[in-house]
Amino acid sequence: MSTSIPDAVSTSGRHYPIDPHPAEHSDLVRVYVWEWPVRLTHWAIVLSIAVLAVTGITIGYPLLVVRGPAGENFLIGTFKIVHSYAAIVFTLSVLSRIAWMFLGNHFATWDKFIPVKSRRRRGLWRTLRFYLFQLRKPPGFIGHNPLAGLTYTLVFGLYLVMITTGFSLYSMSAGVSSPMRVFRFLVPLVGGLQTARFIHHGVMWLLIGFAVHHVYSAVLMSQVEANATMESIFSGYKFVHKDDVIYSGYRYIDPKDIHDQHL
Amino acid sequence: MKKSESRFDVELRRRGVSRREFVAFCGVMASTLALPRSLEAKIAAALQKSEKPVLVWLEFQDCAGNTESFLRATKPTAAEVVLDTLSVDYHETIMAAAGHQAVEALERTVKDRKGEYIVIVEGSIPTGANGAYCTIGGRSALQIAREVCGGAAATIAVGTCAAYGGLPAASPNPTGALGVADAVPGLKNLINLPACPANAENITALVVYYLTFKSFPPLDQYKRPLFAYGKSIHDNCERRAHFDASQYVEAWGDEPHRTGYCLYKMGCKGPVTFQNCPQIRWNEGTNWPIGCGHPCIGCAEPDFWDKMTPFYQHLPNVPGFGRAASIDKVGLLATAGVAAVFATHGVISLIHRSTGPKGGETPPPPVEPVEKVGKGDRP
Ligand code: HEM
Ligand code: SF4
Ligand code: SF4
């Protein structure tokens with residue numbers, strides 16, 4: 001097991017920092033895919049959305065009714081404060097991740113989200129065919145597959161909608177001298193505060209729906225790829241077949257070709 | 001004191017308003033305007049020597065509710081005297097003149113006092129059918145508003161209809177009704193005093209501010225004066241402690257309702273609506289909606305009939321999903337649907353993988369010839 005990490009060179013001359021897989025006679029190589037800012041913002045976004053959704057739904061529909069003198073209780077008041085702090089974590093994480101799309105490594109850049117290259121557009125279709133059981137394997141992209149990338153583009157758009165409506169809602173109760181008051185200009189843009197609330201709820205459900213899909217896809221891909229997709233978001237590393245490094249995005253098997261291919 | 005008695009002082013004395021009452025009124029105005037008490041004297045002095053500004057009051061698609069609000073008075077008050085210092089040259093509901101005489105009075109003011117008079121607009125302006133839905137003296141509301149507001153020193157849109165279209169503009173808006181700002185764009189010194197109706201206290205305070213400072217107070221992004229619309233109902237509400245503590249009315253007339261708990265769960269729009277009702281209240285400070293157990297319905301907000309309804313529900317319904325379809329019910333069902341789709345996908349995927357040949361241990365070589373790959377055409 002070598003400690004110095006050699007570079008694999010693809011046909012286009014791109015260098016990937018990789019590491020031979022520790023197991024002997026293995027064709028797998030270790031690739032550093034998710035740098036720490038990607039992993040950190042990922043988990044900060046997961047946790048903050050969980051907190052925001054729980055506190056948000058409670059603010060919308062407070063079920064707990066507290067007895068006793070009002071002055072001695074501050075239950076929903078506390079939920080609102082927690083919502084505000086989680087919103088700060090969420091907003092900063094989203095903005096940092098967007099900045100990292102221009103600063104990060106090969107797997108983190110913006111063109112992994114928006115398929116501008118024809119090769120990723122082809123991969124989009126193939127990944128979709130994999131999901132529709134028309135292909136037996138997804139195309140072997142190492143980072144985000146093109147379909148996932150495009151989905152994340154939409155999800156980041158939804159994040160920005162949550163931030164816009166959230167800040168417009170926040171600005172309404174900002175005091176006359178509070179700097180948060182500047183966000184009042186957003187209120188007419190989101191169609192008024194009652195509409196902002198409506199959008200804030202609707203997009204929250206879209207994000208919850210996405211979370212369901214996302215966890216499922218991660219588990220599925222982890223199984224069919226067997227490349228430590230799940231572990232990678234903790235460790236940063238994926239174990240990838242060396243062919244996938246060189247011919248990334250090309251591996252896919254049409255079920256009707258199965259008998260011709262020696263698998 | 002006696003020797004330099006102004007017209008204003010004579011008027012106060014004639015109506016039996018004492019000096020003490022007048023000073024108290026100036027104090028109330030200062031606090032309504034969110035000005036320091038020290039400016040009370042300045043207000044009093046300004047009112048006493050103010051000249052009569054000319055006022056024109058236009059009514060379009062309205063119910064005259066703002067006129068009622070403006071004119072309401074149970075006893076002669078200092079406010080009344082202040083309002084009487086305005087020379088109301090045209091006001092259909094209260095002027096003695098009628099017909100051609102009235103129209104002439106308006107025309108005279110617009111011509112002779114150009115750039116000096118203040119115009120108050122009540123009611124929305126219909127733009128459909130070339131303005132035929134509201135005509136006065138043979139001219140459409142839109143024509144009148146363009147001409148009269150265009151030549152005014154300032155335009156005050158009182159009530160939600162004049163400010164944003166209000167009830168006539170509610171969906172489906174058959175007459176194409178608009179508020180003044182939208183019907184006559186580009187007016188200088190336009191001030192909105194929305195609410196249904198506008199609170200007489202705020203109209204008076206606005207006039208007092210103008211008489212005192214010869215300018216208009218700071219406005220928010222909807223052109224509403226900050227002194228009256230700067231804070232949400234929720235942030236000034238006397239039931240707010242119950243909101244923060246999680247103590248809510250759950251049904252009309254239940255124990256919490258009788259105790260005076262927060263009306264949030266009965267659809268109170270206080271958190272997203274603005275006006276100074278909690279402080280100045282209504283009917284000369286007698287009470288206000290939430291004070292007597294009714295949630296705020298957001299009467300001073302743009303598009304209030306369309307956006308604040310259903311009044312007794314927290315959020316609007318989802319269009320196309322029938323009555324009482326809350327976004328959260330729809331969202332929860334949709335999420336369950338997504339989960340079901342992916343669970344099915346998971347099952348099919350498992351079957352698929354267990355029946356087909358094993359893949360994954362040995363990825364196949366690329367099916368497409370590698371030579372096809374252009375430079376820079378990497379993942
Ligand atoms: C994915 C992230 C988020 C979720 C799931 C979420 C969810 C919610 C929900 C369900 C509500 C209740 C709305 C109502 O019924 O009135 C709410 C309220 C609110 N949210 Fe968020 N939110 C998120 C992000 C944000 C962000 C980024 C901000 C930015 C400041 C924010 C600020 C607020 C504010 C100020 C309220 C109003 C609380 C009140 O009524 O006083 N939210 N949120
Ligand atoms: S009654 Fe309405 S305005 Fe008052 S605290 Fe409750 S929600 Fe807010
Ligand atoms: S409490 Fe709300 S609905 Fe009632 S008058 Fe005030 S702003 Fe209008």
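Remember, predicted model here, so these are calculated numbers, not experimental data. Protein chains get the first letters and strands the later ones, always in sequence-line order, with residue 1 at the start of each.
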Taking only residues two or more places apart in sequence, or in another chain, which ones meet B:Asp182 in a salt bridge (charged side-chain N to carboxylate O under 4.0 Å, His left out)?
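Salt bridge (charged side-chain N to carboxylate O under 4.0 Å, His left out) list for B:Asp182, sorted by chain: empty.
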Greatest number of heavy atom pairs closer than 4.5 Å to chain B - which of [options]:
options	result
A:Phe198, A:Phe185, A:Tyr61	A:Phe198
A:Gly60, A:Gly71, A:Pro139, A:Pro69	A:Gly60
A:Arg181, A:Arg67, A:His201	A:His201

Mind checking which of residues 216-223 of chain A sit less than 4.5 Å from chain B, heavy atom to heavy atom?
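If one takes a 4.5 Å heavy-atom cut-off, the residues of residues 216-223 of chain A near chain B are A:Tyr216, A:Leu220, A:Gln223.
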Out of [options], which one racks up the most heavy-atom pairs below 4.5 Å with chain A?
options	result
B:Arg240, B:Lys231, B:Lys269	B:Lys269
B:Ala334, B:Pro271, B:Ala241	B:Pro271
B:Asp235, B:Val341, B:Thr273	B:Asp235
B:Ala336, B:Pro256, B:Pro302, B:Gly230	B:Gly230
B:Thr335, B:Ile327, B:Leu350, B:Val318	B:Ile327

Given heavy-atom pairs under 4.5 angstrom as the criterion, report whether the side chain, backbone, both or neither of [X] touches chain A.
X	result
B:Phe274	side chain
B:Leu226	side chain
B:Glu250	side chain

If we only count heavy atoms from C-beta on, is the [X] to [Y] side-chain gap below 4.5 Å?
X	Y	value
B:Met308	A:Gln194	yes
A:Val187	B:Tyr222	yes
B:His314	A:Arg197	yes
A:Thr195	B:Asp303	no
B:Asp244	A:Ile76	no
B:Val338	A:Trp205	no

Please state whether the rings of A:His213 and B:Phe342 are parallel, tilted or perpendicular, taking 30° and 60° as the class boundaries.
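Ring orientation, 0 to 90° scale: tilted.
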Parallel, tilted or perpendicular, as decided by the 30° and 60° cut-offs, for the rings of A:Tyr131 and B:His345:
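Because their plane-to-plane angle lies in the 30° to 60° range, the rings of B:His345 and A:Tyr131 count as tilted.
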If I compare all heavy atoms of [X] with all of [Y], which pair ends up nearest, and what's the gap?
X	Y	answer
A:Ala70	B:His242	CB-ND1, 3.5 Å
A:Met204	B:Asp328	CE-OD1, 4.0 Å
A:Gly191	B:Lys307	O-NZ, 2.9 Å

Can you tell me how far the CD1 atom of A:Ile57 sits from the CG atom of B:Leu332, to the nearest 0.5 Å?
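Separation between the atoms: 8.0 Å.
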Using modelled atom types only, decide if a donor and an acceptor are shared between the side chain of B:Gln247 and the backbone of A:Gly68 within a distance under 3.5 Å.
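At least one qualifying donor-acceptor pair exists.
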Where the side chain of B:Ser246 meets the backbone of A:Leu64, is there a donor-acceptor pair that is under 3.5 Å apart?
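Checked: pair present.
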Can you say whether A:Ile59 sits under 4.5 Å from chain B via the side chain, the backbone, both, or neither, judging by heavy atoms?
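Backbone plus side chain of A:Ile59, per the 4.5 Å heavy-atom cut-off to chain B.
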Heavy-atom distance under 4.5 Å to chain B: side chain of A:Leu169, backbone, both or neither?
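Only the side chain of A:Leu169 comes within 4.5 Å of chain B.
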Do other residues, nucleotides or ligands put more than 12 heavy atoms under 6.0 Å from the NZ atom of B:Lys265?
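Enclosed: over 12 neighbouring heavy atoms sit under 6.0 Å from NZ of B:Lys265.
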Can you establish whether the number of heavy atoms outside B:Tyr209 located under 6.0 Å from its atom OH is more than 12?
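Enclosed: over 12 neighbouring heavy atoms sit under 6.0 Å from OH of B:Tyr209.
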